[in-house]
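Heavy atoms only: backbone and side chains are in, while hydrogens, waters and symmetry mates are out. All ligand and atom numbering here is 1-based and tracks the order in the structure.
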Amino acid sequence: MTDHALLLVNLGSPASTSVADVRRYLNQFLMDPYVIDLPWPVRRLLVSLILIKRPEQSAHAYASIWWEEGSPLVVLTRRLQQAMGAHWAHGPVEIAMRYGEPSLSTVLQRLAGQGVTKVTLAPLYPQFADSTVTTVIEQAKAVVAEHKLALQMPVLRPFYDQPLYIDALVASARPYLEQGFDHLLLSFHGLPERHLKKLDPTGSHCFQNADCCRNASPEVLAVCYRAQCLRSAQLFAQKMGLAEGQWSVSFQSRLGRAKWIEPYTEARLDELGKAGVKKLLVMCPAFVADCIETLEEIGDRGREQFVEAGGQELVLVPCLNDHPQWVEALTQLCEQAG
Ligand SMILES: C=CC1=C(C)c2cc3[nH]c(cc4nc(cc5[nH]c(cc1n2)c(C)c5CCC(=O)O)C(CCC(=O)O)=C4C)c(C)c3C=C
Ligand SMILES: [Fe+2]
Ligand SMILES: [Fe+2]
């Protein structure tokens, strides 16, 4: 059978590091109502304010990590696609980006035009958030409806606790941990607290106490990004045989003035440097491919900040990227999705 495609969907990057391309990308990204979940006029005003200074700052940051072949995120997602092509036996493996190119619209229309009848949609996010997973699913559904595409579309659900994902994380990180370290920080992308509270199915669980995410019921865990991050971290530490106190969790990439989930990575880097940690390992398990958030925010700015606070060495553990065990794991997860 060759009519069942696999579509790997990642977040996307600007087309280039020019300020104009970065502005266009940020505008598309931040105007997504699943990302800035405020009424349109408020969102438009807020994004217009962000777009005064941010494109120049982000363009500078992108330029510092950009590769000859393009954005690391896009290049690494393509490498994953190529590696998965050898494992997925049912049809083509394609990639699409939620923002920028290649767009979901172009790729889904092309697949349907090629005679593909089923597309397994794989949003490349281990933990669930409306701002990542839901927006991909809704956008893909909208394209199928708008262009009347005859496509079945099973979806890969968040795999934050799946042994296949955790084992791949362990296999890819082990060589770094075996070289010795004083502390391991698992830094996940953050979210505004508002996004979590909104999805709390009980309406009375989220942020009622400091440990709410560790004591989440199955119904809360199913939708709580922070609880899923903590569960991934706990499962990783267990499988890796880490002792309590050797590792901790934080949340990075805060944007704007709203309260985001804590503890913040920036604050932890300071604390750990000041507490006498000399060699710090940082892993970013919410990202399956290295990108501006890992390479620039942690690998460059985070390293500088940690050293300024008294640390000696920050080692950034690469994301899963196209690690062979991850390629096999993701193939199996996608097979199970349908
Ligand atoms: C891993 C999951 C991600 C979540 C959850 C997420 C939420 C989220 N992000 C922003 C704002 C920005 N994120 C940016 C980059 C970026 N974000 C993710 C992943 C998640 N975002 C990735 C993989 C990337 C990297 C893209 C790349 O090209 O390398 C950026 C752009 C960079 C910058 O200017 O800092 C912004 C802005 C919000 C507001 C949000 C949830 C509300
Ligand atoms: Fe982000
Ligand atoms: Fe919680």
Side-chain angles (χ1 to χ4, degrees), residues 9-17 19 21-23 25-38 43 46-47 50-51 53-62 65-67 70-77 97-100 123-136 158 160 187-200 202 204-217 220-221 223-232 251-256 258 260-262 284-297 301 319:
V9 189
N10 213 332
L11 188 115
S13 294
S16 79
T17 63
V19 175
D21 280 342
V22 174
R23 180 178 289 108
Y25 162 79
L26 288 175
N27 186 54
Q28 188 195 3
F29 183 2
L30 298 175
M31 281 308 290
D32 179 342
Y34 287 106
V35 175
I36 298 193
D37 58 338
L38 299 170
R43 183 164 71 249
L46 192 64
V47 174
I50 294 172
L51 292 183
K53 286 201 176 147
R54 183 97 190 177
E56 206 167 327
Q57 291 163 353
S58 293
H60 185 71
Y62 272 110
I65 53 112
W66 208 254
W67 293 346
S71 145
L73 177 93
V74 178
V75 173
L76 289 165
T77 310
M97 298 291 149
R98 175 62 186 88
Y99 314 106
L124 293 175
Y125 306 104
Q127 295 82 21
F128 172 80
D130 269 349
S131 53
T132 50
V133 176
T134 309
T135 186
V136 166
Y160 65 96
S187 175
F188 292 82
H189 199 297
L191 273 185
E193 282 192 354
R194 188 180 68 240
H195 285 225
L196 273 63
K197 283 192 184 138
K198 194 171 68 177
L199 293 183
D200 177 357
T202 68
S204 61
H205 174 84
C206 228
F207 304 111
Q208 293 305 304
N209 61 64
D211 268 345
C212 64
C213 290
R214 281 180 222 285
N215 304 317
S217 64
V220 170
L221 185 59
V223 290
C224 179
Y225 175 80
R226 189 167 181 273
Q228 293 188 3
C229 292
L230 297 188
R231 187 59 61 96
S232 298
F251 297 92
Q252 63 179 87
S253 317
R254 188 159 50 112
L255 177 75
W260 282 44
I261 52 180
E262 291 182 306
C284 303
F287 304 90
V288 300
D290 277 299
C291 59
I292 191 170
E293 310 294 64
T294 62
L295 301 171
E296 194 272 338
E297 185 174 349
R301 274 188 292 137
C319 292

Is ligand 1 under 4.0 Å from a heavy atom in the side chain of [X], in the backbone, in both, or in neither?
X	result
P72	neither
S58	side chain
Q57	neither
H195	side chain
L255	side chain
W260	side chain
V35	both
L191	side chain

Please write down residue, atom name and distance for the protein heavy atom closest to [atom].
atom	value
atom 1 (C) of ligand 1	A286 O, 3.4 Å
atom 37 (C) of ligand 1	L26 CD2, 3.8 Å
atom 15 (C) of ligand 1	E293 OE2, 3.4 Å
atom 33 (C) of ligand 1	R54 NH2, 3.2 Å

Using side-chain heavy atoms (C-beta onward) and a distance below 4.5 Å, is [X] in contact with [Y]?
X	Y	result
T132	Y225	no
N10	M97	yes
C284	E293	no
L199	F128	yes
Y125	V9	no
P126	P285	no

Check: [Y] main-chain N/O paired with [X] side-chain donor or acceptor under 3.5 Å:
X	Y	value
E296	Y62	no
D21	A15	no
T135	S131	no
H189	F287	no
D290	C319	yes
W260	L255	yes
R43	L38	yes

Exercise: identify the closest heavy-atom pair between [X] and [Y]:
X	Y	result
P158	Q228	CB-OE1, 4.1 Å
H205	C212	NE2-O, 2.9 Å
I292	S58	CD1-O, 4.3 Å
A216	L221	CB-N, 4.1 Å
L11	Y25	CD2-OH, 3.3 Å
S16	V22	O-CG2, 3.8 Å

For [atom], the option (of [options]) bearing the nearest heavy atom:
atom	options	answer
atom 32 (C) of ligand 1	F128, F287, Y62	Y62
atom 4 (C) of ligand 1	D32, T132, V74, I292	T132
atom 18 (C) of ligand 1	Q127, M97, R254, H189	H189
atom 36 (C) of ligand 1	F29, Y225, W66	F29

*Quick one: name the protein N/O/S atoms under 2.8 Å from the Fe ion (ligand 2), chain by chain.*
H189 NE2
_Considering the Fe ion (ligand 3), could you give the total of protein N/O/S atoms lying closer than 2.8 Å?_
2
Sub-4.0 Å heavy-atom approach of [X] to ligand 1:
X	result
Y34	no
F188	no
S253	no

*Return yes when atom CZ of R98 has more than 12 non-hydrogen atoms of other residues, nucleotides or ligands closer than 6.0 Å, and no otherwise.*
yes
*Would you indicate whether R194, at its atom CZ, is surrounded by more than 12 heavy atoms from other residues, nucleotides or ligands within a distance under 6.0 Å?*
yes
For ligand 1, which atoms sit closer than 4.0 Å to a heavy atom of [X]?
X	answer
S13	27 (C), 28 (O), 29 (O)
Y25	26 (C), 28 (O)
G12	26 (C), 27 (C), 28 (O)

*Does an N or O from C291, backbone or side chain, lie closer than 3.5 Å to an N or O of ligand 1?*
no
